[in-house]
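So the structure is just underneath, and the comments pick up after that.
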Amino acid sequence: MEEARLKTGIWVKAMLRQAGQKGNPGMVLHHGDDDAGGVLVVLLGRGGQMSVLARTRTPDGRQAWFRATGDAAIDQASVDAYVTRQMERDPDLWVLEFETPDLTPPFEAKLI
């Protein structure tokens with residue numbers, strides 16, 4: 001059964017609030033389509049370590065996330081290059097950034 005889908009703009013506001021309440025500040029780096037834009041999440045860890053998560057769907061239609069830049073932490077230049085390539089493909093893309101010491105999502109997220 002497919003779960004109900006929120007408009008992306010509403011989902012973004014909720015995740016920023018949820019993460020902020022847990023002490024993980026976040027910000028919008030790029031404002032995408034309010035209704036149905038895709039989402040990338042940049043995680044900023046200790047010592048400048050970074051990772052990028054991309055939102056996807058499981059075969060049964062549930063929301064999930066994957067480490068779009070691989071399992072290893074990357075640097076700012078690699079994040080910027082990846083995000084730029086994705087935004088060239090999808091101008092409706094949202095890009096969020098969250099501070100999280102251990103590169104785990106500061107919001108409810110199933111990682112696949």
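Residues: numbered from 1 along the sequence shown. Being a predicted model, the structure only gives us computed values, none of them experimental.
Between Pro105 and Leu53 the shortest side-chain heavy-atom distance falls below 4.5 Å. Within the 4.5 Å cutoff, side-chain heavy atoms of His30 are placed close to those of Met87. Annotation: side chain of Arg57 is in contact with side chain of Gln63 (closest heavy-atom distance under 4.5 Å). Side chains of Glu97 and Met50 form a contact here, defined as non-hydrogen atoms less than 4.5 Å apart. A heavy-atom distance below 4.5 Å is found between the side chains of Tyr82 and Leu40. Residues Val28 and Leu16 have side chains in contact (heavy-atom distance under 4.5 Å, counting atoms from C-beta outward). Residues Thr8 and Arg55 have side chains in contact (heavy-atom distance under 4.5 Å, counting atoms from C-beta outward).
One finds the OG1 atom of Thr104 at 7.5 Å from the CG atom of Asn24 (value rounded to the nearest 0.5 Å). Separation of atoms CG (Asp92) and CG (Asp34) is listed at 10.0 Å; rounding is to 0.5 Å.
Asp33 meets the side chain to side chain donor-acceptor pair (under 3.5 Å) test with no other residue; sequence neighbours excluded. Under the side chain to side chain donor-acceptor pair (under 3.5 Å) criterion, Thr58 pairs with Asp60, sequence neighbours left out. Remark: Phe107 pairs with Trp11, Trp65, Phe98 by the ring pair (Phe, Tyr, Trp, His ring centres under 6.0 Å) rule, at least two apart or across chains. Not counting sequence neighbours, the partners of His31 by the ring pair (Phe, Tyr, Trp, His ring centres under 6.0 Å) test are Trp94.
Within the structure, every pair that satisfies the side chain to side chain donor-acceptor pair (under 3.5 Å) test and touches residues 40-51, not counting sequence neighbours, is listed here: Ser51-Arg67. Residue pairs meeting the salt bridge (charged side-chain N to carboxylate O under 4.0 Å, His left out) criterion with at least one partner in residues 12-22, sequence neighbours excluded, do not occur; the list is empty.
Applying the 6.0 Å contact sphere to CG of Asp71 captures no more than 12 heavy atoms from other residues, nucleotides or ligands.
Listed for the Thr100 side chain is no donor-acceptor partner under 3.5 Å among the backbone atoms of Leu43.
In this structure, Met27 is not a member of the same hydrophobic cluster as Val41, with clusters built from ILVMFWY side-chain heavy atoms closer than 4.5 Å. Hydrophobic clustering (ILVMFWY, side-chain heavy atoms < 4.5 Å, transitive): Leu44 and Val42 are in one cluster. Leu29 and Val12 are members of different hydrophobic clusters when ILVMFWY side chains are connected at heavy-atom separations under 4.5 Å.
In plain terms, the two heavy atoms of Leu93 and Val39 that are nearest each other are CD1-N, 3.7 Å. Residue Leu103 comes nearest to Gly45 through the heavy atom pair CD2-N, 3.5 Å, listed as atom of the first residue, atom of the second, then distance.
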